[in-house]
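Before any comments, here is the structure.
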Amino acid sequence: VSRIQNREQTAAQTVMECMKRIDAWNGELNAFIHVSPNAISDARKLDEWFSTPNNVAPPLAGAPIAVKDLIDMVSMPATYGAVHKHPERNREDASVVARLVEAGAVIVGKTNLDEYAFRTTSVNPHFGIARNPWNRDRIAGGSSGGSAISVATKMSVAAIGTDTGGSIRIPAALTGIVGYKPSFGAVSRFGVFPLASSLDHVGPMARTVGDVRTLMKVIAGRDERDPDSYPLPQWESTLRTLHVNEVRIGIPVDDFFSVGDKEVLHAVARTALGLDDCRTSKLQWHSAPVRIPLLAEAAQAQAIILSSEALYVHHERLQTEPDLYGAPTRRRLEDAKQYLGCEYVWAKNVQRAFQREIAEIFESVDILMLPTTPIGAPRVAEETVVLDGIKWAVPSLLTRYTNLWNLAGVPAITLPCGLTDEGLPIGVQLVSGRFEDNKLLWIAERMESWLPRAVLPPEYE
């Protein structure tokens, strides 16, 4: 983006580079469901505007952005990863898209996802498998898998995803990029097809924390069409305005967080130990063990709320057009019928209690640090994984360390922190208090400066 703003490269040149990469690799990786036929002409129009004297480049200055196909756009179809017809939708751009375009972004396409975002693999029964560029026999994670692939392979400079239980952070971690779930309500969900309305978040995916911050300054803020959205916070902050000269890191030590591949757990532990010994920009890092309350209840409440709210969205189509759903999605929706109204009320009460307990934790620490996923990217057909002799279902294992923070509504970010012995990316997750998005991004950016960068094989560079 800065190269376009500084006139080192035109918007059209940048978009054409991305479109060449899409042409070269999308057939194999299946990142995009739709590719914009107008992206290059849109970029040329921006270049003409930039060339007019006194016109200042907007914040995104022709940046090629990919958008998850759960998000409405007038100029491109919205499938939501499914084959049902939705004539009542797609009549105007989602608020997040409108803000991107207003800031000068060029939308290069709509990305692949799990059907209705209701899984964590991006193995789509209608539009095919979104394959991990690190190893095409592995999943990219989901449900924002296509968005992650597009960023990891530079088919876009950034992407927009959605996250209800980890759907931004999981694919970002498995493909070696940065994925950010803001505080609940930080980004408007108007024009985004719902999965579970009290858990849904919209957020950016990029190769650096700085690019995530740039996108957040554009897409965050109050939107009257989303009653859960809240006003834009102050994103331009410094050490002085944040009053931070040391970062207090909480390391969850409950048995709940001991599940995982040893390579992943060791990589995150090394990250924490390295911070204890690191002094950068007069910033000191201190870590201490913390215990997270209500873990069992919170995990159960998350499952009940997500399933019940998803069934509410789909109950009519499940009765009238059940055969149009893929088998995994239909099965999950049918399973959701087991929950009673009193169980949903119980789950909402747990959610409120959990949010209060988490808020108290962030009175004594600035961030929590833990793995993003307990394992590296599973194989495409792998339904279960064995860890320490125990068999785990892949979807529930991938969300184990992410979905708690959707229930709490707090911001969370994943950064690449190394590779497994098989050469698959590992993500470290940082979590902060509700509405402390700016502090979390500020800390993440400083941590990123010395963490190992995930670099894709040469064919994608």
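These numbers were taken from a predicted model, which means no experiment stands behind them.
A 4.5 Å side-chain heavy-atom check between S188 and V202 finds every atom pair outside the cut-off. In this structure, F127 and T79 have side chains that are in contact, with non-hydrogen atoms separated by less than 4.5 Å. For the pair V178/T414, no side-chain contact is recorded, criterion being any heavy-atom separation below 4.5 Å from C-beta on. Under the 4.5 Å side-chain criterion, counting only non-hydrogen atoms from C-beta, M205 is not in contact with T175. The shortest side-chain heavy-atom distance between L306 and F118 falls under the 4.5 Å cut-off. Residues W392 and L398 form no side-chain contact, since every pair of their non-hydrogen atoms from C-beta on lies 4.5 Å or further apart. Looking only at side-chain heavy atoms (C-beta outward), L100 and L215 come within less than 4.5 Å of each other. Side-chain contact between L441 and V209 is present, with heavy atoms from C-beta onward closer than 4.5 Å.
In terms of modelled atom types and a separation under 3.5 Å, the side chain of R400 and the main chain of S396 share no donor-acceptor contact. D200 places no side-chain N or O within 3.5 Å of a backbone atom of T162 that could act as its donor or acceptor partner. In terms of modelled atom types and a separation under 3.5 Å, the side chain of R99 and the main chain of A220 share a donor-acceptor contact. Side-chain atoms of T208 come within 3.5 Å of backbone N or O of D211 as a donor-acceptor pair. A donor-acceptor pair is defined here as one N or O able to donate and one able to accept, closer than 3.5 Å; such a pair exists between the side chain of R138 and the backbone of A377. Counting only distance, with no hydrogens or angles, the side chain of E263 and the backbone of D421 share a donor-acceptor pair below 3.5 Å. In this structure, the side chain of D366 engages the main chain of R248 through a donor-acceptor pair within 3.5 Å. No donor-acceptor pair under 3.5 Å is formed between the side chain of N112 and the backbone N or O of I33. No donor-acceptor pair under 3.5 Å is formed between the side chain of K181 and the backbone N or O of G409. Formation of a donor-acceptor pair under 3.5 Å by the S144 side chain with backbone atoms of G161 is not found in this model.
If you run side chain to side chain contact (heavy atoms under 4.5 Å, CB included) between F257 and each of D255, V259, V253, D254, only D254 comes through. Screening L430, D437, D163 for a side chain to side chain contact (heavy atoms under 4.5 Å, CB included) involving Y180 leaves a single residue, D437. S287 pairs in a side chain to side chain contact (heavy atoms under 4.5 Å, CB included) with only one of the listed residues (V365, I367, I249), which is I249. Among the candidates V264, L370, L415, the single residue satisfying the side chain to side chain contact (heavy atoms under 4.5 Å, CB included) test with V428 is L415.
Aromatic ring orientation, Y116 versus H84: tilted (interplanar angle from 30° to 60°).
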(request) Check the pair I65 / S156 against side chain to side chain contact (heavy atoms under 4.5 Å, CB included), numbers first and verdict last. (result) CA-CA 5 Å; I65 306 292; S156 65; 5.9 Å; no
(message) N135 vs R379, test: side chain to side chain contact (heavy atoms under 4.5 Å, CB included). Steps then yes/no.
(response) CA-CA 9 Å; N135 183 328; R379 291 176 177 83; over 6 Å; no
(request) Would you sort out whether K68 and S143 count as a side chain to side chain donor-acceptor pair (under 3.5 Å), showing the intermediate values? (result) CA-CA 9 Å; K68 183 177 183 178; S143 59; 2.6 Å; yes
(message) Could you walk me through whether S147 and T111 satisfy the side chain to side chain donor-acceptor pair (under 3.5 Å) test, starting with their C-alpha distance in whole Å, then the side-chain angles of each, then the deciding distance to 0.1 Å, before giving a yes or no?
(response) CA-CA 6 Å; S147 291; T111 55; 2.8 Å; yes
(message) Does D223 form a side chain to side chain donor-acceptor pair (under 3.5 Å) with S229? I'd like the steps, not just the answer.
(response) CA-CA 6 Å; D223 179 5; S229 65; 5.8 Å; no
(request) Step by step, work out the side chain to side chain donor-acceptor pair (under 3.5 Å) result for R21 and N26. (result) CA-CA 8 Å; R21 289 172 175 271; N26 194 53; over 6 Å; no
(message) Checking N132 against V380 for the side chain to side chain contact (heavy atoms under 4.5 Å, CB included) test, could you report, in this order, the C-alpha distance in whole Å, the side-chain angles of both residues, the deciding distance, and whether it holds?
(response) CA-CA 9 Å; N132 196 313; V380 167; over 6 Å; no
(message) Run the ring-ring contact (aromatic ring centres under 6.0 Å, His included) test on Y325 and H314 for me, step by step, so that the C-alpha distance in whole Å, both residues' side-chain angles and the decisive distance to 0.1 Å come before the verdict.
(response) CA-CA 10 Å; Y325 288 98; H314 291 278; 5.6 Å; yes
(request) Dump the intermediate steps for side chain to side chain contact (heavy atoms under 4.5 Å, CB included) on W346 and I304, then the final yes or no. (result) CA-CA 9 Å; W346 172 86; I304 292 172; 4.0 Å; yes
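A152 approaches P133 most closely through the heavy-atom pair CB-CG, 4.3 Å. In terms of heavy-atom proximity, P59 sits nearest to T214 at O-CG2, 4.4 Å. Shortest non-hydrogen contact noted between Y401 and Q429 is O-NE2, 2.8 Å. The two atoms that bring S432 and L440 nearest to each other are CB-CB, 3.8 Å, heavy atoms only. Nearest approach of P204 to V212, heavy atoms of both residues: CG-CG1, 3.8 Å. Here the closest heavy-atom approach between residue F184 and residue S198 is recorded as CE1-O, 3.6 Å.
Heavy-atom neighbours of E316 CD from other residues, nucleotides or ligands within 6.0 Å: at or below the threshold of 12. Other residues, nucleotides and ligands place more than 12 heavy atoms under 6.0 Å from the CD atom of E382.
Interatomic distance, I168 CD1 to H201 NE2, rounded to the nearest 0.5 Å: 9.0 Å. Atom CE of M155 and atom CD1 of I149 lie 6.5 Å apart (nearest 0.5 Å). Distance check: R222 CZ to D228 CG gives 8.5 Å after rounding to the nearest 0.5 Å. Separation of atoms CG (L397) and CD1 (I375) is listed at 4.5 Å; rounding is to 0.5 Å. Interatomic distance, K439 NZ to F362 CZ, rounded to the nearest 0.5 Å: 8.5 Å. How far OG of S150 is from CH2 of W25: 12.5 Å, rounded to the nearest 0.5 Å.
Using modelled atom types and a 3.5 Å distance limit, the side chains of R434 and Q355 yield no donor-acceptor pair.
Salt bridge status for D114 with R119: absent, with no side-chain N to carboxylate O gap under 4.0 Å. For D388 and K262, the salt-bridge test passes: some basic side-chain N is under 4.0 Å from an acidic carboxylate O. Residues D226 and R189 are paired through a salt bridge, judged by an N-O separation under 4.0 Å between the basic side chain and the carboxylate.
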